[in-house]
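Data block below; observations after.
In what follows, chains are A, B, ... by sequence order, proteins preceding strands, each numbered from 1.
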Amino acid sequence: MNHKSTRYLPLVVTVGQVVIFPYYIIWLKEVSLTFTLFAWFFATFSFAAAWGYQIAQSRTNKDHSYIMFIYAGMGIVYILIGAIKNSSDILPYAVILLQVILGLLQGYFRAWHAEQDTYHLHAVHHYLIVGCAMIGFSFVKIISPVVFITIFGILMCMCAVWELFRKEKKKTIIPGK
Amino acid sequence: MQTIALLVKKPWFLGSLVVIFVSVILWNIPIEKRKYGLSQSGLVTDYTGLLPERIERVVKAENRSDLQRIVKRANVNGQQIAIAGLQHSQGGHTYYKNGVVLDMRTFNRILEIDEQQKTVRVEAGATWEDVQEAIQPVGLALKVTQSQSIFTIGGSLSVNAHGRDIRFGSMAETVKAMTIITPEGDIKTVTREDPDEWMKYIFGGYGLFGVIVDVTVEVTENHLYTIQTEKLKIGSYASYFDQLLNDQHMAMHYARVSVAPNSFLDEMYVINYKQTEKRDYTTALKKEQSVRLTKLALDIGRHGGALENLFWGTQKRYIASIDGKEITRNNAMRSESTFMEYTKPGRVEVLQEFFIPVHRFEAYMNELKNIIPANDKNDDFKIHNITIRYAAADRFTTLNYAKEDMFGLVVLMQHGLKEEQITEATSVIQNWTHLTLDHGGTYYLPYYRYQTKEQFRRSYPQWEKFAEEKLRRDPNNVFQNMFYDYYVK
Ligand SMILES: Cc1cc2nc3c(=O)[nH]c(=O)nc-3n(C[C@H](O)[C@H](O)[C@H](O)COP(=O)(O)OP(=O)(O)OC[C@H]3O[C@@H](n4cnc5c(N)ncnc54)[C@H](O)[C@@H]3O)c2cc1C
């Protein structure tokens with residue numbers, strides 16, 4: 001059981017992120033006032049991801065990770081995106097903050113995932129699953145991208161809780177470790 | 001290259017990169033997010049979006065004969081036309097239910113600058129900014145404009161606007177001649193001496209008496225002024241202003257009144273522009289400056305209470321800091337406006353202006369304290385800003401707001417859009433108008449019509465003449481708008 005969740009949680013997260021990406025892009029385009037701003041928001045995400053990646057890479061104790069918080073953080077950000085009002089005056093300012101947080105978390109997750117034994121196996125699986133999922137989603141009528149984004153946020157929060165249980169269990173099975 | 005590769009491995013470096021990049025973006029997020037006007041699909045609104053209405057279509061004329069054809073056809077087909085400039089008016093003045101909106105922005109050419117006579121002939125869809133750009137290089141400046149230069153000439157004359165100038169009287173007085181299209185579709189060039197008195201009705205006529213096609217306005221030298229600022233108590237303002245008016249060196253003036261709880265309607269700042277007699281040909285027209293900072297300060301003040309005190313403190317410091325600086329006349333007539341942007345869902349920010357005879361000012365301000373609370377932090381209806389301008393007596397236009405020399409109190413206010421919130425705002429503004437009328441004052445008509453029809457009639461006793469002339473000159477009711485519908489019809 002433990003073994004399985006260690007294997008599958010990162011796969012769920014990776015697949016989920018790629019699947020949600022087109023919906024996220026639609027949302028981001030809607031809330032960016034201009035194309036320039038849209039592109040800049042994206043650049044922010046990339047820079048923040050590089051930063052997050054380096055933070056994860058430069059941890060001294062590789063056994064120790066904050067992956068549970070990373071899942072929870074991503075989940076909260078996606079839920080927030082679902083809750084935010086499109087017409088709000090502060091929207092572009094909120095978006096830039098969310099882009100930084102999301103980039104940071106994404107970069108950190110990538111670096112951590114790459115360190116896992118299952119990473120290469122996941123890479124192949126995730127491409128296949130994403131392909132199938134997108135074909136499936138093409139039959140679903142999108143009412144608003146925000147609905148999917150929120151659902152994904154909830155899923156990420158569930159992953160965080162799952163990870164928490166897994167850790168707690170591990171602690172009780174191997175005390176002191 | 002190696003250093004870069006090394007740096008990229010450092011989280012602190014990447015973190016700093018993100019912080020710098022984000023700061024640059026934050027600085028460049030556009031402030032103006034409002035979508036209003038003719039581009040709204042299906043419905044038309046003006047600046048506040050308070051009165052959305054379905055119209056038949058928007059037309060843009062290519063040239064004068066096109067314009068004439070549109071008006072003539074409307075007479076035949078029984079169509080209604082509303083005229084739109086830049087739609088900064090706030091009470092449906094530029095559209096009418098199921099009517100045609102005539103978008104005048106295509107008529108924006110500067111036709112002639114006469115440096116000798118000091119006049120400019122300009123099409124009515126041009127903005128004051130367009131005129132300033134054309135006349136600044138030859139050392140000329142406008143005589144009368146609003147505090148900002150973002151409005152069209154046609155829109156400004158149709159409300160007979162006023163601003164910071166204290167020497168040249170009303171805007172209407174600065175027009176020598178103009179070309180109009182009458183409601184029956186005739187093209188006419190009219191002057192002040194015109195026996196048919198078209199100007200009397202077209203100025204301050206809210207687009208109801210015909211289309212202004214072009215105007216010849218008087219301009220003056222673009223002088224350099226020294227800014228003088230001073231802190232005053234409200235009680236001493238009227239006499240202070242009297243002296244100021246007698247000092248022929250003073251060219252322009254306005255004032256800011258505190259609406260902060262600590263100094264509410266008690267403290268004020270005056271800003272004067274004093275002649276240096278130096279004419280300016282070289283200073284560039286200023287662009288909007290420090291918009292973000294000013295917006296941030298206003299946003300802070302918008303919360304009311306202690307934060308409003310903080311905002312007033314910042315304003316005072318800023319005003320004191322410009323004392324003694326020099327500015328050209330053109331630049332003094334083009335204040336920033338973008339910082340006022342406010343697009344919070346479910347709320348609206350609007351302007352109102354009350355005119356009060358100069359000699360009644362002190363008593364009026366004292367009584368005003370009973371109508372609006374000093375601290376509106378917890379109220380839905382909030383007041384953010386009051387500025388004062390001088391409006392010289394105008395005995396020319398029919399709907400004249402300045403029957404004698406007046407101070408205009410321009411008030412920036414905010415309220416919610418729920419029914420009870422609008423009702424509350426309406427009640428406060430009606431009480432305020434009532435007080436103003438009791439002191440022999442009036443209120444300005446380009447803004448949202450919170451006032452009653454009765455209050456309109458008291459403010460503008462010549463309204464009957466206005467209505468009568470409207471019917472006589474426009475028997476087919478070609479020119480219509482929501483303003484006319486509400487107040488006059
Ligand atoms: C932020 C702000 C600051 C302001 N400051 C001042 C100020 O300092 N002083 C002041 O006096 N006013 C001020 N106003 C009010 C402003 O002057 C008027 O609303 C003015 O009418 C705006 O010009 P516009 O081009 O947007 O006109 P619009 O709103 O487009 O039109 C106003 C009226 O003019 C008519 N009209 C427009 N063009 C023509 C034409 N070519 N022929 C015939 N009729 C026409 C329209 O039918 C309408 O009735 C301010 C308004 C705002 C929003």
Side-chain angles (χ1 to χ4, degrees), chain A residues 28-62 65-66 70 77 83-112 114, chain B residues 4-36 39-41 45 48-49 52 291-303 338-349 382 384 414 416-417:
Chain A
L28 194 64
K29 186 70 197 60
E30 265 174 21
V31 297
S32 310
L33 301 164
T34 59
F35 180 76
T36 316
L37 212 54
F38 173 67
W40 285 2
F41 283 155
F42 235 96
T44 311
F45 175 88
S46 276
F47 291 148
W51 183 22
Y53 196 96
Q54 275 310 347
I55 291 176
Q57 282 245 308
S58 48
R59 5 197 255 290
T60 40
N61 179 359
K62 297 272 174 186
S65 77
Y66 296 98
I70 300 293
V77 170
I84 209 163
K85 276 207 184 81
N86 258 18
S87 46
S88 163
D89 199 20
I90 55 152
L91 189 63
Y93 303 95
V95 171
I96 189 122
L97 184 70
L98 295 179
Q99 285 289 92
V100 172
I101 300 174
L102 215 53
L104 257 174
L105 299 174
Q106 164 80 16
Y108 190 100
F109 170 74
R110 261 301 290 286
W112 171 85
Chain B
I4 294 178
L6 270 176
L7 278 177
V8 163
K9 289 203 172 113
K10 308 273 183 229
W12 65 260
F13 172 76
L14 293 169
S16 319
L17 183 70
V18 171
V19 170
I20 293 168
F21 192 65
V22 165
S23 316
V24 172
I25 300 181
L26 285 178
W27 200 250
N28 284 290
I29 289 176
I31 287 190
E32 187 122 326
K33 305 179 192 81
R34 187 188 303 247
K35 290 195 178 80
Y36 74 96
S39 57
Q40 293 292 70
S41 52
T45 72
T48 58
V291 179
R292 263 157 230 282
L293 283 180
T294 328
K295 179 165 185 338
L296 180 71
L298 179 60
D299 280 344
I300 290 172
R302 278 177 169 133
H303 290 94
T338 315
F339 72 95
M340 287 164 73
E341 183 70 9
Y342 180 79
T343 44
K344 199 166 176 188
R347 298 194 70 72
V348 70
E349 220 165 72
K382 291 186 184 348
H384 299 317
Q414 186 200 106
L417 290 174

Could you pull out all donor-acceptor pairs under 3.5 Å where a side-chain atom in residues 8-23 of chain B meets a protein atom, sequence neighbours excluded?
residue : atom : partner : partner atom : Å
B:S16   : OG   : B:W12   : O            : 2.6
B:S23   : OG   : B:V19   : O            : 2.6

Identify each donor-acceptor pair in which a side-chain atom of residues 94-105 of chain A lies under 3.5 Å from a protein atom, sequence neighbours left out, and give them as a table.
residue : atom : partner : partner atom : Å
A:Q99   : OE1  : A:Y24   : OH           : 2.1
A:Q99   : NE2  : A:F41   : O            : 2.8

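- Here B:I25 contributes atom CD1 and A:Y93 contributes atom OH; the two are 12.0 Å apart, rounded to the nearest 0.5 Å.
- For chain B, the nearby parts of A:T44 are the backbone and the side chain; heavy atoms of each come within less than 4.5 Å.
- The number of heavy-atom neighbours closer than 6.0 Å to CZ of A:R110, taken from other residues, nucleotides and ligands shown, is 12 or below.
- Within the 4.5 angstrom heavy-atom criterion, atoms from both the backbone and the side chain of A:I55 approach chain B.
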